[in-house]
Amino acid sequence: MVLLENDSFLTELTRLFQKCRASGSVVITLKKYDGRTKPVPRKGHSESFEPADTKCLLRASDGKKKISTVVSTKEVIKFQMAYSNLLRAHMDGLKKKDKKSKSKKTKATQ
């Protein structure tokens, strides 16, 4: 997994979307990140770790290539605006839902 800066993550994510446009999928995950790279110690050890800044970890993968970035609280709004614009631009290839299943449900309830 490659840890990238925020701007380079967005450009690589754009490339992943373009590569998987015809066939394939891109999986994106988002989770809270406190800066730890080692696992949490067991109850017997009394090491307290207080993160000074809460961060978000974003990961994206197409099955072969994995990229990730860490977004700090100071950069969240700027990153979110760029990220949402990128998602809007590349979400046009989604398939529409079949409307037949709705009509069958309404007939069955009547």
Side-chain angles (χ1 to χ4, degrees):
M1 179 150 328
V2 181
L3 185 66
L4 302 170
E5 294 295 323
N6 295 340
D7 295 332
S8 58
F9 175 80
L10 291 172
T11 56
E12 285 295 319
L13 187 60
T14 304
R15 288 185 189 141
L16 279 178
F17 278 133
Q18 289 171 350
K19 190 171 100 174
C20 297
R21 183 173 286 272
S23 66
S25 61
V26 177
V27 178
I28 301 172
T29 59
L30 170 76
K31 67 186 263 187
K32 184 178 172 182
Y33 181 67
D34 59 1
R36 292 185 198 222
T37 56
K38 295 182 180 179
V40 179
R42 293 190 178 167
K43 293 180 183 178
H45 300 87
S46 61
E47 286 185 33
S48 62
F49 179 75
E50 292 293 325
D53 185 23
T54 306
K55 300 175 184 177
C56 294
L57 175 65
L58 274 101
R59 294 179 179 148
S61 173
D62 66 344
K64 297 175 185 172
K65 186 176 182 180
K66 297 179 183 179
I67 56 173
S68 63
T69 189
V70 176
V71 182
S72 66
T73 54
K74 296 174 186 173
E75 302 169 346
V76 166
I77 295 174
K78 177 185 160 193
F79 182 81
Q80 185 180 6
M81 295 298 286
Y83 179 66
S84 63
N85 289 336
L86 186 137
L87 286 180
R88 280 189 208 125
H90 292 91
M91 288 284 188
D92 58 354
L94 297 175
K95 295 179 183 175
K96 292 192 177 183
K97 261 194 165 180
D98 192 17
K99 292 187 179 182
K100 292 179 184 177
S101 62
K102 270 190 174 180
S103 62
K104 287 182 182 178
K105 285 183 182 179
T106 57
K107 288 180 183 178
T109 58
Q110 292 177 356

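Along the sequence shown, the residues carry numbers beginning at 1.
- Here Gln18 pairs with Thr14, His90 under the side chain to side chain contact (heavy atoms under 4.5 Å, CB included) rule; sequence neighbours left out.
- A distance of 9.5 Å separates NZ in Lys55 from NZ in Lys74, rounded to the nearest 0.5 Å.
- Although no hydrogens or angles enter the test, the distance criterion places a donor-acceptor pair under 3.5 Å between the side chain of Ser68 and the main chain of Val2.
- Between Lys65 and Arg15, the closest side-chain pair of non-hydrogen atoms is not below 4.5 Å.
- Grouped with Val27 in a hydrophobic cluster is no other residue, since no side-chain heavy-atom contact under 4.5 Å to another Ile, Leu, Val, Met, Phe, Trp or Tyr is found.
- The line from CG of Leu10 to CG of Leu4 is 10.0 Å long, rounded to the nearest 0.5 Å.
- When all heavy atoms of Arg21 and Ala89 are compared, the pair lying nearest together is NH2-O, 4.2 Å.
- If you take CG on Asp53 and OH on Tyr33, they are separated by 12.0 Å, rounding to the nearest 0.5 Å.
- With rounding to the nearest 0.5 Å, the separation of CG in Leu58 from OG1 in Thr29 is 7.0 Å.
- Of the inter-residue distances, the one linking Leu16 atom CG with Thr11 atom OG1 reads 10.0 Å to the nearest 0.5 angstrom.
- Between the CZ atom of Arg59 and the CG atom of Leu3 there is a distance of 10.0 Å, given to the nearest 0.5 Å.
- The two atoms that bring Thr69 and Glu5 nearest to each other are OG1-C, 3.7 Å, heavy atoms only.
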Mind listing the side-chain donor-acceptor pairs of residues 75-87 below 3.5 Å, one per line with the distance, residues two or more places apart or on another chain?
unit_1 : atom_1 : unit_2 : atom_2 : d
Glu75  : OE1    : Asn6   : ND2    : 2.7
Ser84  : OG     : Gln80  : O      : 3.1
Ser84  : OG     : Met81  : O      : 3.0
Asn85  : OD1    : Arg88  : NH1    : 3.2
Asn85  : ND2    : Met81  : O      : 3.2

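- What you find for Ser25 and Cys20 is that their closest heavy atoms are O-SG, 4.0 Å.
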